[in-house]
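To start, the structure itself, in structure tokens.
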Amino acid sequence: MGKGFFNVPIAVNEPVMSYAPGSPEREAVLKAYKDMFNSKIDVPMYINGNDVKTGNTQTMSPPHDHQHIVGTYHTAEKSHVEEAIATALEARKTWSQLPWEQRAGIFLKAAELIAGPYRAKINAATMIAQSKTIHQAEIDSACELIDFLRFNVQFMTDIYMEQPESTSDAWNRIEYRPLEGFTYAVTPFNFTAIAGNLPACMALMGNVVVWKPSDSQIYSAKVIMDVFKEAGVPDGVINVVFGDPVMITNTVMASPDFSGLHFTGSTFIFKELWKQIGNNIHNYKTYPRIVGETGGKDFIIAHKSANAKQVATAISRGAFEFQGQKCSAASRAYIPNNLWDDVKNYVIEDVKSFKMGSPEDMSNFITAVIHEGSFDKLAKYIDAAKADTDAEIIVGGNYDKSKGYFIEPTVILTSNPKYETMCTELFGPVITIYVYDADKYSETLKLVDETSEYALTGAILATDRYAINEATTALQNCAGNFYINDKPTGAVVGQQPFGGARASGTNDKAGSAQNLLRWVSPRMIKETFVTPTDYRYPFLG
Ligand code: NAD
């Protein structure tokens, strides 16, 4: 920027539309859904601004109607990944030199395109690809992605304004350079917003990107790329490849120019990728930045002073919205015995009232889980709970994959606080509850802290302020996002920066300046005005 200190628009959260019966937004999204569901799309990869079709295709089907094909996508050979890398490095020559306000303009435009002309399309694509209800699609693929794009521009300028002190004879300034080389974004199926944000926020900071979306999110990834193209992301800045994750990753990580991994997905995969980077470390020109947000075993603990109806609602919403497939979804709960009868009755009543089916029918609260692998895994844990003597299913427990991957929202009650489903991430509509002696609150907090390897989200419900304070302290390290008297899901960009520690990730807080700082390498510039001409200091006499 050479000709002004520009202010960026003040970022505000995108309002969530209601989609109530009769509303124009409901009509628009249902029309888009029908059109897309009843036609077939052929999704190319996107390398150096070109649509790349390899002829090696896979089909795409909605999880709630797995025999219905909505399209195909093309998968990469090694040479395509190499081309994506080469093209990114070439694009870096101009992109990394472009003034920041030009980059900001592109991503602010992308936000407005999603808020307006692409809103129905990106929501419908997310309903079809990931089986989200319209509300879940709206808060993800429209609002959260818009918020990421808007707030990141503001965070970028906040970072740029962080400057060191200067003196009258020396001017100190910091330049927030993009990383040298290219970056790699690997994104999960469960949030269209995360899929868009991971490559976009690195590109916003001046980096070039190879992006590999999840196989289960390609339909909505295609809309993201259409938006980025229309917003004016130049050729080669974000390159999208699909297909075998191992081959793609091996090719990316074999490059000496690989300079950063921005990952969201499961813990095991992230650890494997970290290991691979470590094994290749002698080959890289720089130390690659590694950012990963990974799994969770998110908890709700109620104190004996809590309101039973509030606890039950936190469970019903926190565990079952989007079929529990949010990294933040509550999947273990600790309820004191004085509240249990009431909480149990309310939760059973809620779960029995949920309607399950296609997201096209907007009265459904529950839709399908993402794919057959997830369905089979969940069915296995449900069957085990039916057979185990220390577990009992108090509501739900049925499943059916004849048309879509439908798992009934299920509540397991266990007498064993270390029962497998209290510790393992299942990533589905299943919560396990342990009822504790109301007078053993402190011991139970310790149990919450020690039961799982994860530390993503958690919630305490209580009216007793001493109990809230005790939980806040005792659970300090077992949640990166901690909620008091709320469900543990629903973080909003700019309000609750998101991320966890322990096995849940590097906690670089998506939706904050902290995350963007990982994608720059500051250069300190000191300019001296009157340069010394004699090496001797006065003390030398
Ligand atoms: P996943 O780990 O199966 O896949 C994530 C990405 O990694 C996909 O693009 C996938 O193709 C890729 N991948 C898979 N195997 C790979 C390999 N061997 N090498 C390289 N890449 C590989 O996760 P998912 O099922 O898409 O998403 C669910 C997981 O993501 C859950 O564990 C959830 O907790 C986590 N998640 C965490 C957050 C967070 O912010 N902490 C947010 C969303 C999801």
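Everything numeric in this text was worked out from a predicted model, so none of it was measured.
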Mind checking ring pair (Phe, Tyr, Trp, His ring centres under 6.0 Å) for His64 and listing every partner two or more places apart, or none if nothing turns up?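 Listed in chain order: nothing, the list is empty.
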Please name all residues satisfying ring pair (Phe, Tyr, Trp, His ring centres under 6.0 Å) with Trp519, sequence neighbours left out, ordered by chain then number.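 By the ring pair (Phe, Tyr, Trp, His ring centres under 6.0 Å) rule, Trp519 matches His262.
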Heavy atoms, side chains only, cut-off 4.5 Å: are [X] and [Y] in contact?
{"X": "Phe263", "Y": "Ile290", "answer": "no"}
{"X": "Phe155", "Y": "Asp158", "answer": "yes"}
{"X": "Val240", "Y": "Pro213", "answer": "yes"}
{"X": "Ile85", "Y": "Val210", "answer": "yes"}
{"X": "Phe191", "Y": "Thr264", "answer": "no"}
{"X": "Met225", "Y": "Ile238", "answer": "yes"}
{"X": "Asn190", "Y": "Phe427", "answer": "yes"}

Among residues at least two apart in sequence or on other chains, which ones pass side-chain contact (heavy atoms from CB on, under 4.5 Å) with [X]?
{"X": "Ala124", "answer": "Val29, Ala32, Tyr33, Met36"}
{"X": "Thr59", "answer": "Ile69, Thr72"}
{"X": "Glu272", "answer": "Phe268, Lys275"}

Between [Y] and [X], do the side chains contain a donor N or O and an acceptor N or O under 3.5 Å apart?
{"X": "Ser220", "Y": "Gln217", "value": "yes"}
{"X": "Asn416", "Y": "Thr414", "value": "no"}
{"X": "Asp449", "Y": "Gln476", "value": "no"}
{"X": "Tyr184", "Y": "Thr249", "value": "yes"}
{"X": "Thr506", "Y": "Asp508", "value": "yes"}
{"X": "Tyr483", "Y": "Gln496", "value": "no"}
{"X": "Asn507", "Y": "Lys509", "value": "yes"}
{"X": "Glu425", "Y": "Ser331", "value": "no"}
{"X": "Asn515", "Y": "Asn152", "value": "no"}

Test item: [X] side-chain N/O and [Y] main-chain N/O as donor-acceptor pair under 3.5 Å:
{"X": "Thr54", "Y": "Ala76", "result": "no"}
{"X": "Asn481", "Y": "Thr457", "result": "no"}
{"X": "Trp211", "Y": "Leu198", "result": "no"}
{"X": "Gln154", "Y": "Ala11", "result": "yes"}
{"X": "Lys297", "Y": "Thr421", "result": "yes"}

Could I get the full list of salt bridge (charged side-chain N to carboxylate O under 4.0 Å, His left out) partners for [X], not counting sequence neighbours?
{"X": "Lys380", "answer": "none"}
{"X": "Asp390", "answer": "none"}
{"X": "Glu408", "answer": "none"}

Mind jotting down which residue pairs meet the salt bridge (Lys or Arg N to Asp or Glu O under 4.0 Å) criterion with at least one end in [range]? Sequence neighbours excluded, please.
{"range": "residues 203-222", "answer": "Lys222-Asp226"}
{"range": "residues 65-77", "answer": "Asp65-Lys403"}
{"range": "residues 248-266", "answer": "Asp257-Lys285"}

Given Phe406, Tyr405, Phe375, the one that forms ring pair (Phe, Tyr, Trp, His ring centres under 6.0 Å) with His66: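 Only one of Phe406, Tyr405, Phe375 forms a ring pair (Phe, Tyr, Trp, His ring centres under 6.0 Å) with His66, namely Tyr405.
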Which donor-acceptor pairs under 3.5 Å do the side chains of residues 44-52 make with protein atoms, sequence neighbours left out?
from, atom 1, to, atom 2, distance (Å)
Asn48, ND2, Thr87, OG1, 3.4
Asp51, OD1, Lys229, NZ, 3.3

May I ask you to decide whether Lys326 forms a salt bridge with Asp298, counting only side-chain N to carboxylate O separations under 4.0 Å?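 Not counted as a salt bridge, because no side-chain N and carboxylate O are separated by less than 4.0 Å.
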Could you tell me whether Arg119 and Glu138 have a side-chain N and a carboxylate O separated by less than 4.0 Å?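 Yes, this pair counts.
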Out of curiosity, Ile106 CD1 to Leu204 CG, how far, rounded to the nearest 0.5 Å?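 One gets 9.5 Å once the value is rounded to the nearest 0.5 Å.
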Does Phe299 form a ring-ring contact (aromatic ring centres under 6.0 Å, His included) with Tyr334? I'd like the steps, not just the answer. CA-CA 8 Å; Phe299 60 84; Tyr334 303 78; 7.2 Å; no
Between [X] and [Y], what is the shortest heavy-atom contact and its length?
{"X": "Tyr73", "Y": "Met60", "value": "CD2-CG, 3.5 Å"}
{"X": "Arg177", "Y": "Pro522", "value": "NH2-O, 3.6 Å"}
{"X": "Gly260", "Y": "Phe258", "value": "O-CE1, 3.2 Å"}

Residue [X] excluded, over 12 heavy atoms near [atom1] under 6.0 Å:
{"X": "Glu180", "atom1": "CD", "result": "no"}
{"X": "Arg502", "atom1": "CZ", "result": "yes"}
{"X": "Lys386", "atom1": "NZ", "result": "yes"}

Applying side-chain contact (heavy atoms from CB on, under 4.5 Å) between Gln323 and each of Val430, Thr367, Thr133, report the one that passes.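 When Val430, Thr367, Thr133 are each tested with Gln323, the side-chain contact (heavy atoms from CB on, under 4.5 Å) holds only for Thr367.
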Quick one: do Ser402 and Asp400 satisfy side-chain hydrogen bond (donor to acceptor under 3.5 Å, both in side chains)? Show the steps, please. CA-CA 6 Å; Ser402 52; Asp400 178 0; 2.8 Å; yes
